[in-house]
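Structure, as structure tokens:
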Amino acid sequence: MDGTNGQVVAGGNGQGNRLDQLHEPTDVLIDKETDSLIICDWRNQRVVRWSRRSGTTQGEILIDKIACWGLAMDDQRYLYISDIDKHEVRRYQIGDNNGTFVAGGNGIGAGLNQLNVPTDIFVDQQQSVYVSDQNNHRVMKWNKGAKEGIVVAGGQGEGNALTRLSDPNGLFVDTLGTIYVADWGNDRVMRWSKGAKQGTVIVGGNGEGAGANQFHYLRGLSFDRHGNLYVADQRNNRVQRFSIE
């Protein structure tokens, strides 16, 4: 495996809406069951699936007419998709085009039953849905079947105090319920322990820049099984790895 060069596994035929094209995809996950990639093809307002088998030249549309941004899948292979136009998250059985509300769906707003541009999502083993509620500067948790969410990070308005977030994006929740969030507007990654009223900065927070401890618009984040944190550093055109104690 050549670690320096990527290999195109979906799209790569210019921007467009043909089945062999993508237009500004925002999220991707692997469906191990079907050995395929599920991609949020944002500008085309669709979710598509591409087989990982060699020789695949085009994808298939799973869900159409959706302003998708974030994707997640639970242990039962339900697909969760955030819609930044309808300000909601829905859960879909693969093959079903309608889905059911699991967060938001009550129009744009800052109420506990509302969202305002939900970007990244994370689903835990209890099928609770965590949502980066970007324009409300908070992370919400919607328990399975809940009619409204609870604020689990931020929610004090936009700002850079430890009680606040600014346009949160990438999201990860560990088995203890600790939340890791890409605090986009503050160029930092924050950790919020379960039930905490404020977070701690674990990387970044040193202003916008290209230094090893800086970011310029951080987006997605992920952990490997050794506990290393990977951060998509958008404007610096790089992914950074950090070892977190």
Inset, instruction - Mind checking the CG-CG spacing from Asp133 to Asp120? Nearest 0.5 Å is all I need. - result: 12.0 Å
Inset, instruction - Without swapping roles, check the side chain of Arg53 against the backbone of Asp35 for a donor-acceptor pair under 3.5 Å. - result: no
Legend entry - Exercise: identify the closest heavy-atom pair between Glu208 and Gln214: O-NE2, 3.8 Å
Inset, instruction - Could you tell me whether the side chain of Met140 reaches within less than 4.5 Å of the side chain of Ile150, counting heavy atoms only? - result: no
Inset, instruction - Rounded to the nearest 0.5 Å, what's the gap from CE on Met73 to CD1 on Ile121? Could you check? - result: 11.0 Å
Legend entry - Side-chain donor/acceptor of Asp183 to backbone N/O of Met190, under 3.5 Å: no
Legend entry - Verdict with supporting geometry, Trp192 and Val152, side-chain contact (heavy atoms from CB on, under 4.5 Å): CA-CA 8 Å; Trp192 294 65; Val152 288; over 6 Å; no
Legend entry - Geometric class of the Phe122/Phe172 ring pair [parallel <30°, tilted 30-60°, perpendicular >60°]: perpendicular
Inset, instruction - Using a 4.5 Å cut-off on heavy atoms from C-beta on, say whether the side chain of Gln21 contacts that of Asn44. - result: no
Inset, instruction - Check whether Val89 and Ile108 end up in the same hydrophobic cluster, where Ile, Leu, Val, Met, Phe, Trp and Tyr are linked by side-chain heavy atoms less than 4.5 Å apart. - result: no
Legend entry - Cation over ring face, Arg91 and Tyr78, 6.0 Å, 45°: yes
Inset, instruction - Spell out, yes or no, whether Leu19 and Val47 are grouped together once hydrophobic residues are joined by side-chain heavy atoms under 4.5 Å, including indirect joins. - result: no
Inset, instruction - Could you please spell out the steps behind the side-chain contact (heavy atoms from CB on, under 4.5 Å) verdict for Asn136 and His87? - result: CA-CA 11 Å; Asn136 283 325; His87 310 286; over 6 Å; no
Inset, instruction - Working to the nearest 0.5 Å, report the span between CD1 of Ile84 and OG1 of Thr26. - result: 7.5 Å
Legend entry - Straight-line distance of Arg235 CZ to His216 NE2, nearest 0.5 Å: 5.0 Å
Legend entry - Shortest non-hydrogen separation from Asp83 to Ile66 and the atoms involved: OD2-CG1, 3.5 Å
Legend entry - Point-to-point distance, once rounded to the nearest 0.5 Å, from CD of Glu158 to OG of Ser166: 3.5 Å
Inset, instruction - Compare every heavy atom of Gly154 with every heavy atom of Val151, then report the nearest pair and how far apart it is. - result: CG1-O, 3.4 Å
Legend entry - Polar contact flag, side-chain donor to acceptor under 3.5 angstrom, Thr163-Gln198: no
Legend entry - Within the 6.0 Å centroid threshold, strictly below: Phe215 and Phe242: yes
Legend entry - Side chain Asp167, main chain Gly185, donor-acceptor under 3.5 Å: no
Inset, instruction - Could you check if a side-chain atom of Val181 sits within less than 4.5 angstrom of a side-chain atom of Ser132, using non-hydrogen atoms only? - result: yes
Inset, instruction - Any chance you could lay out the side-chain contact (heavy atoms from CB on, under 4.5 Å) test for Asp41 and His23, step after step, and finish with the verdict? - result: CA-CA 6 Å; Asp41 190 9; His23 191 177; 4.2 Å; yes
Inset, instruction - Side-chain contact test, heavy atoms from C-beta onward, threshold under 4.5 Å: evaluate it for Val131 versus Val129 and give yes or no. - result: yes
Legend entry - Short N-O contact, Asp31 and Arg77, less than 4.0 angstrom: yes
Inset, instruction - Could you tell me whether the side chain of Arg238 and the main chain of Ala210 form a donor-acceptor pair under 3.5 Å? - result: yes
Legend entry - ILVMFWY network linking Ile179 to Val123, side-chain heavy atoms under 4.5 angstrom: no
Inset, instruction - Please examine the side chains of Thr119 and Leu171, heavy atoms only from C-beta on, and report whether any two atoms are closer than 4.5 Å. - result: no
Legend entry - Shortest non-hydrogen separation from Gly159 to Asn186 and the atoms involved: O-ND2, 2.9 Å
Inset, instruction - Taking the side chain as every heavy atom from C-beta outward, state whether Ile38 and Ile94 have any pair of such atoms under 4.5 Å apart. - result: yes
Legend entry - Transitive ILVMFWY side-chain link Val139 to Ile202, under 4.5 Å: yes
Inset, instruction - Considering non-hydrogen atoms only, spot the tightest contact between Tyr130 and Asp124 and give its length. - result: CE1-OD2, 3.7 Å
Inset, instruction - Taking Glu24 for its side chain and Trp42 for its backbone only, find out whether a donor-acceptor pair lies under 3.5 Å. - result: no
Inset, instruction - Given side-chain contact (heavy atoms from CB on, under 4.5 Å), test Asp64 with Gln45 step by step and report yes or no. - result: CA-CA 6 Å; Asp64 219 348; Gln45 299 226 325; 5.7 Å; no
Legend entry - Gln125, CD: over 12 other non-hydrogen atoms inside 6.0 angstrom: no
Inset, instruction - Consider only side-chain heavy atoms of I, L, V, M, F, W and Y, link residues closer than 4.5 Å, and tell whether Tyr217 and Leu221 are in one cluster. - result: no
Legend entry - Least distance between heavy atoms, Gly16 atom then Arg46 atom: O-NH2, 4.3 Å
Legend entry - Arg90 to Phe101, cation-pi by 6.0 Å centre distance and 45° axis angle: yes
Legend entry - Sidechain-backbone polar pair: Asn106 side chain, Asn113 backbone, donor-acceptor under 3.5 Å: yes
Inset, instruction - Supply the atom-to-atom distance Ile39 CD1 to Trp50 CH2, rounded to the nearest 0.5 angstrom. - result: 7.0 Å
Inset, instruction - Answer whether the closest heavy-atom distance between the side chains of Leu218 and Asn169 falls below 4.5 Å. - result: no
Legend entry - ILVMFWY clustering at 4.5 Å (side-chain atoms), partners of Tyr230: Val239
Legend entry - Close side-chain approach of Trp184 and Gln134, heavy atoms under 4.5 Å: no
